[in-house]
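What follows is a set of notes on a single structure, which appears directly below.
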Amino acid sequence: MRETVTFSRDGAIATVLIDNPPVNAASAAVRTGLAAALDRLDSDDSLQALIIRCAGRTFIAGADIKEFDGPQTEPQLPELIARIEASAKPVIAELHGTILGGGLELALGCHARIAAHDAQFGFPEVRLGIIPGAGGTVRTPRLAGLPLTISLAVEGKQVGSEEALAAGLIDRITDGALETATAEFARAIVAKGEPPRRTRDLPSPVADNELLDAAEQTARRRQRGQDAPLIALQAIRFGLAHDVDAALAEEHRLCRQAIASPQSSALRHLFLAERAVARTPGINPATPVRPINQVAVIGLGTMGRGIVTTLAAAGLKVIAIARSDESLTKARTAIDKAWAQSVTRGQIDEPARIDRADRVSWSTDLSAVAGADLVIESVGEVREIKEALFAALGSIAKPGAILATNTSYLDIDALAAASGRPADTCGMHFFNPADVMKLVECVRGKATAPDVVASVMALSKRLGKIAVVSGVCDGFIVNRMLAKRSREAYFLLEEGASPWAIDRVLVDFGFPMGPFALGDLAGIDLQHTVRQARADRLTPREKRADFVDQLFAAGRLGRRSGAGWYAYGEDGKAKPDPMTEALIAAHATKHAIKRVEITDEEIRDRLIFAMVNEGARLIDEGIVSRAQEIDVAMVNGIGFPRHLGGPLWWAQEMGLTGVADKIARFRDEQGDTYWPTSPTLGKGQFY
Ligand code: T1G
């Protein structure tokens, strides 16, 4: 039976080893074990110092997130850290991996910190809607000053060992054996016989209000509804103006208050959900994955280029294939330019740029896929072209190679059948821009083999993506739910709302932009093409709300043409356009629709609930197995506000009975075609 905490000694130096996989979270068992180790240090005069060490890949990576909503068990972290700090004998932290949150706070309560060269340090609490609650905002300024405190605790940034050492956060870095270096350090300070250096006794820096005010302005500009960064600043300011004990108490109070907030509950739900979706129900986690070292990408338009750069950045060999020399040259020039810009901006260094460029080979010959372990096609969204390509790939790609399509809405089962290798075939649906957006929809066809799903999920994590498994349906998860939001938006235009009012309501809700600004960015021509391709599936009302076709016919193609829904001035800023208002008014007159005033609340409910209802239907149909897939996909695919937890989490927090009642009202008003009944929604809970 593995011990979570074990105690050992080497002469006068004791060591407490924490072994709490996967990240040595400071669980109740860890805290109890540490308290017992301190008891032994205190009671045994032959012991002169204590080293706190962790097994596995990292030192303590924080308090145990899974314990937050449960009863607070003793010893709590702040008290344990205070006890370490008060110890009459030196306590040294031996640091490797990602020393985060409560783990870093515990290290700061120790009397010295020895770190491996590649260690990382941070306070990611703000990503969970909380703040450091065990001394982070009080001890960090004393050790490392205000700028680093703000960067870590307010902005949630991480720093490496070199920067941590330079700032005073740690005392030593070792390239050699960390354990040996720490033991030597412990023996040396025992030999010196100096009293332990307590962080709390160090002078607090003077409050640099200019720096703090600037940090506050930045936090307000970036916050998009998230309160934690401002609360962290509040704790820092309080700490600079009060004694240590008052500061520690206030910080803990603010942390506990934040933990109880709906924002933190939503952000912690997402943290766990983004990890849960990596474990696909029905697929054994021990399923062996197919080795993927070389990937062919066919089709080098915007999406294909983003996929190529993502793969190369993750260290894979890439075969980039275009249909003509001209397309190939255009793509290669664009990618090389993007990499050069990344060097100029300091995002990567020159060796990294060279490494990435060396990983990509270029071809116009489809047979170049023969050596690939995975083929990702990203050619034009034309069924006949894709089916012909998959028919060719079925014979050209080597046995065991995975055939993936980046299609947004074509039938993957049809492509799989065309390839003759349906078990090897799946969807890998990236989001534009593919090298930036975190989400990949791993679309599992009827015949897709389990190990293909497991392999694509593993590769997505290697690419730094968050992959969500979807079944085959029109638009998979995100585009299917977005289509319902867009449809409601067009209906609301007919009924009386303006594009700018609708966009404002969604931006106020927390989206980065509304559907009309997004439409102008994506291009009215693209939306017109998609609408044409789906003409046979449109309902009468959807056919009538043909605003996209009208804009296209008027040459208003969106931002890049200077006008779409909005007009764009020389400065590129979007302005409400009277031409659009006239077009909508003429449409209403033509169809004898009396337009009326529509409240912001109805706009919000109609747009968000349309997605909630469709998300519930995705679960009804088994396209996804859980609500987590929906929330993770919508947050990472279209920027549904993280601090609201995703559409289904948000609806449940709103009260699903009330949401279902409003959806029923919309159904009565608009007809069941537009608001199909969902048994899952009727169950009254998603989580
Ligand atoms: N508590 C519980 N479980 C955790 C955890 C944590 N702090 N961190 C990670 N896990 C689980 C995670 O759910 C997953 O579980 C597995 O570990 C691997 O995670 C008092 C109040 C450390 C950089 O916010 O940033 O301290 O799905 O897939 O990509 O002031 O995990 O396998 O079952 O992310 O290698 C502050 C959050 C807490 C750190 C590793 N600390 N974790 O990344 O693995 S609040 C954090 C991370 C706090 C104090 C406050 C990352 C990682 P499963 P993973 P990874």
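Atoms within each ligand, like the ligands themselves, are counted from 1 in listed order. Side chains are part of it too, since the values below use all heavy atoms of this structure and drop only hydrogens, waters and symmetry mates.
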Would the distance check show the side chain of [X] and the main-chain N or O of [Y] forming a donor-acceptor pair, the cut-off being under 3.5 Å?
X	Y	answer
Asn20	Thr4	no
Ser455	Arg290	yes
Arg53	Glu94	no
Arg353	Trp339	no

Backbone, side chain, both or neither: what part of [X] comes under 4.0 angstrom of ligand 1, heavy atoms only?
X	result
Leu128	side chain
Ile130	side chain
Ala25	side chain

Protein contact to [atom] [nearest heavy atom, distance to 0.1 Å]:
atom	result
atom 45 (S) of ligand 1	Phe68 CZ, 3.6 Å
atom 31 (O) of ligand 1	Phe271 CZ, 4.0 Å
atom 25 (O) of ligand 1	Leu100 CD1, 3.9 Å
atom 12 (C) of ligand 1	Arg275 CD, 3.6 Å
atom 8 (N) of ligand 1	Val23 CG2, 3.6 Å
atom 32 (O) of ligand 1	Arg279 NH1, 3.9 Å
atom 15 (O) of ligand 1	Lys66 NZ, 4.1 Å
atom 16 (C) of ligand 1	Pro22 CG, 3.4 Å

Distance under 4.0 Å to a non-hydrogen atom of [X]: what atoms of ligand 1 satisfy this?
X	value
Glu105	20 (C), 30 (O), 49 (C)
Gly133	30 (O)
Gly102	26 (O), 48 (C), 49 (C)
Ala63	1 (N), 6 (C), 7 (N), 20 (C), 26 (O), 38 (C), 48 (C)
Arg57	18 (C), 35 (O), 44 (O), 55 (P)
Lys461	28 (O), 29 (O)
Pro132	30 (O)
Asp64	1 (N), 2 (C)

Tell me whether ligand 1 is touched by [X] - counting only heavy atoms on the residue side and a distance under 4.0 Å.
X	answer
Arg127	no
Gly136	no
Phe123	no

Taking [X] first and then [Y], would you say they form a salt bridge - that is, a charged N and a carboxylate O separated by under 4.0 Å?
X	Y	value
Arg220	Glu216	yes
Glu85	Arg139	yes
Lys157	Glu163	no
Asp245	Arg200	yes

Practice prompt. Would you name the heavy atoms of Leu148 and Ala167 that are closest together and state the gap between them?
Written response: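 Nearest pair, atom of Leu148 first, then Ala167: CD2-CB, 3.7 Å.
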Practice prompt. Over all heavy atoms of both residues, which pair between Ser264 and Ala258 is shortest? Give the atoms and the distance, please.
Written response: CB-O, 3.2 Å
Practice prompt. Test Asp39 against Arg83 for salt bridge (charged side-chain N to carboxylate O under 4.0 Å, His left out), laying out the working first.
Written response: CA-CA 10 Å; Asp39 292 343; Arg83 198 174 153 203; 2.4 Å; yes
Discussion item. Any protein heavy atom at under 4.0 Å, with atom 43 (O) of ligand 1 as the reference point?
Written reply: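 False for atom 43 (O) of ligand 1.
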Worksheet item: What's the verdict on ring pair (Phe, Tyr, Trp, His ring centres under 6.0 Å) for Phe509 and Trp650, showing C-alpha distance, side-chain angles and the deciding distance?
Response: CA-CA 11 Å; Phe509 181 80; Trp650 176 78; 5.1 Å; yes
Fill in: Heavy atoms of other groups near Arg172 CZ, more than 12 under 6.0 Å
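No, CZ of Arg172 has 12 or fewer neighbouring heavy atoms, counting only those of other groups under 6.0 Å.
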Worksheet item: Counting both backbone and side chain atoms, is some N or O of Ala61 under 3.5 Å from an N or O of ligand 1?
Response: yes
Worksheet entry | Ile65-ligand 1 polar pair, N/O distance under 3.5 Å |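 Among all N and O atoms of Ile65, at least one is under 3.5 Å from an N or O of ligand 1.
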Worksheet entry | From CA spacing to verdict: salt bridge (charged side-chain N to carboxylate O under 4.0 Å, His left out), Arg237, Asp213 | CA-CA 10 Å; Arg237 287 183 193 270; Asp213 294 347; 2.8 Å; yes
Worksheet item: In a check of salt bridge (charged side-chain N to carboxylate O under 4.0 Å, His left out) between Glu274 and each of Arg642, Lys461, Lys438, Arg268, which one passes?
Response: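 So the option named by the test is Arg642.
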